[in-house]
J.: 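Handing you a structure now.
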2 protein chains.
Amino acid sequence: MSCETDTVKVLRTTGHKATPQRLMILAALRHGSGHLTATEIFGEVQVEYPYVDISTVYRTLGVLKELRLVSETDMGTGDTTYEWVQHQGRHHHLICRNCDEVTSLDHQYLEDLGAEIMAESGFKPDLDHFAIFGVCARCRLEAERN
Amino acid sequence: MSCETDTVKVLRTTGHKATPQRLMILAALRHGSGHLTATEIFGEVQVEYPYVDISTVYRTLGVLKELRLVSETDMGTGDTTYEWVQHQGRHHHLICRNCDEVTSLDHQYLEDLGAEIMAESGFKPDLDHFAIFGVCARCRLEAERN
DNA sequence: ATGGTACATGCAATTAATTGCAACTACATT
DNA sequence: AATGTAGTTGCAATTAATTGCATGTACCAT
Ligand SMILES: [Mn+2]
Ligand SMILES: [Mn+2]
Ligand SMILES: [Zn+2]
Ligand SMILES: [Zn+2]
């Protein structure tokens, strides 16, 4: 059973429809690896189906985010990015506000945080894909030398 | 020495200027408590000085954020909100994606996370003001009953 | 297969935020 | 106090994202 079929099932069982537009958006998310902007996805879909509207892309991404099939993240570049969650498994990013370097952060750090919050407040956090800003080791050392 | 004077000093020593517009924006942040939108701040300043432009507000908020005097947070309401960091001290928020309830989260949780990240990667995260989305205890129990 | 309906789409209009640029000004230096 | 300049402002234009609405369609139930 293809992953596309799985997703279609999730859509249907949650009261959504598997439209051609959505299938194309799903394909774009699947093919493109990593973080994609809405405009990039829009461009991909347009190749096949020029009548698609950017609002359909945003609305579909909204649905997929609600279903937690994609993550939506501001990586500090102005454009919000979307990532198919199964691509990399759960992970997060450290982004240096000085040199803009982006690195990955293992999910375990946030898993622990989530468990603590859950245990003490009953609130179950979605810790799908965080962008954590700060200063990287290199830039910090550089700054200290001055 | 007033807090306004402190801020002016911070601005000057970091190569920025203390313009009348900025002082009015600072006053708006200081008076208004809690999370303010750029439009709300804009409105406040306009009362006193109608010629101010919204771009000046955004640019000033950008500077103040860089200096970590205000936090910038998407609370899930469509408009980004800004908060004068000294108002509440460091704190964070848990936001239920089902009922939209917003609660506070003590900084300690994130302090610990930050220390761990710092120790293991050398990256020093800014953990000023997080909005953590998820499902609150009440909504979770409600969902389980169905 | 057909029909009814809740959901989705495309389009246009709107809102939020950003950016380029020429004119202006705060303020450090003299 | 006068000067030079880096940084700031207002304005207009742009871009990113959202929303209202009339039309269209997926898909469940028959
Ligand atoms: Mn990622
Ligand atoms: Mn807050
Ligand atoms: Zn760096
Ligand atoms: Zn709730």
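Numbers restart at 1 for each chain; the letters A, B, ... are given by sequence-line order, proteins then strands. All figures in this text were calculated on a predicted structure; none of them were measured in a lab.
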J.: Hey, what bend do you get for the helix from C:dA1-D:dT30 to C:dT30-D:dA1 if you fit axes on five pairs at each end, rounded to 10°?
T.: 50°
J.: Clusters formed by hydrophobic residues whose side-chain heavy atoms approach within less than 4.5 Å: which one holds B:Leu127, and what are its other members?
T.: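 Taking Ile, Leu, Val, Met, Phe, Trp and Tyr as members, B:Leu127 shares its hydrophobic cluster with A:Leu94, A:Leu105, A:Tyr109, A:Leu110, A:Leu113, A:Ile117, A:Phe123, A:Leu127, A:Phe130, A:Ile132, B:Leu94, B:Leu105, B:Tyr109, B:Leu110, B:Leu113, B:Ile117, B:Phe123, B:Phe130, B:Ile132.
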J.: Please name all residues satisfying side chain to side chain contact (heavy atoms under 4.5 Å, CB included) with A:Arg68, sequence neighbours left out, ordered by chain then number.
T.: A:Arg90, A:Asp126, A:Asp128, B:Arg97
J.: Who are the side chain to side chain contact (heavy atoms under 4.5 Å, CB included) partners of A:Glu48, not counting sequence neighbours?
T.: A:Met24
J.: If you restrict it to nitrogen or oxygen atoms, what contacts under 3.5 Å exist between nucleotides 4-7 of chain C and the protein, and what is each distance?
T.:
unit_1, atom_1, unit_2, atom_2, d
C:dA6, N3, A:Lys17, NZ, 3.0
C:dC7, O2, A:Lys17, NZ, 3.3

J.: Determine which pairs satisfy salt bridge (charged side-chain N to carboxylate O under 4.0 Å, His left out) with at least one residue from residues 74-83 of chain A, sequence neighbours left out, and list them in order.
T.: none
J.: Just by distance, do the side chain of A:Arg140 and the backbone of B:Gly122 share a donor-acceptor pair under 3.5 Å?
T.: yes
J.: Who are the salt bridge (charged side-chain N to carboxylate O under 4.0 Å, His left out) partners of B:Lys17, not counting sequence neighbours?
T.: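 Salt bridge (charged side-chain N to carboxylate O under 4.0 Å, His left out) list for B:Lys17, sorted by chain: empty.
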J.: Extract all donor-acceptor atom pairs below 3.5 Å that involve side chains of residues 39-47 of chain A and protein atoms in other chains or at least two apart in sequence.
T.:
unit_1, atom_1, unit_2, atom_2, d
A:Glu40, OE1, A:Thr37, N, 2.9

J.: Would you please name every residue forming a side chain to side chain contact (heavy atoms under 4.5 Å, CB included) with A:Asp53, sequence neighbours left out?
T.: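 If we apply the side chain to side chain contact (heavy atoms under 4.5 Å, CB included) test to A:Asp53, skipping adjacent residues, the hits are A:Ser55, A:Thr56.
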J.: Kindly write out the residues that satisfy ring-ring contact (aromatic ring centres under 6.0 Å, His included) with A:His16, not counting sequence neighbours, or none if the list is empty.
T.: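 Scan of A:His16 (ring-ring contact (aromatic ring centres under 6.0 Å, His included), adjacent residues dropped) gives none.
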J.: Hey, does the side chain of A:Arg12 come within less than 4.0 Å of D:dA26's phosphate (OP1/OP2), counting only N and O?
T.: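 Negative; the distance criterion is not met.
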J.: Scan A:Pro50 against the nucleic acid and name what it touches under 4.0 Å (heavy atoms): base, sugar-phosphate only, or nothing.
T.: nothing
J.: Of all residues at least two apart in sequence or in a different chain, which pass the salt bridge (charged side-chain N to carboxylate O under 4.0 Å, His left out) check with B:Glu66?
T.: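 With sequence neighbours excluded, B:Glu66 shows a salt bridge (charged side-chain N to carboxylate O under 4.0 Å, His left out) to no residue whatsoever.
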J.: Could you run through nucleotides 10-20 of chain D and give me one letter per nucleotide, 5' to 3': B if any protein heavy atom sits under 4.0 Å from the base, S if only the sugar-phosphate is that close, - if neither?
T.: BB----SSBBB
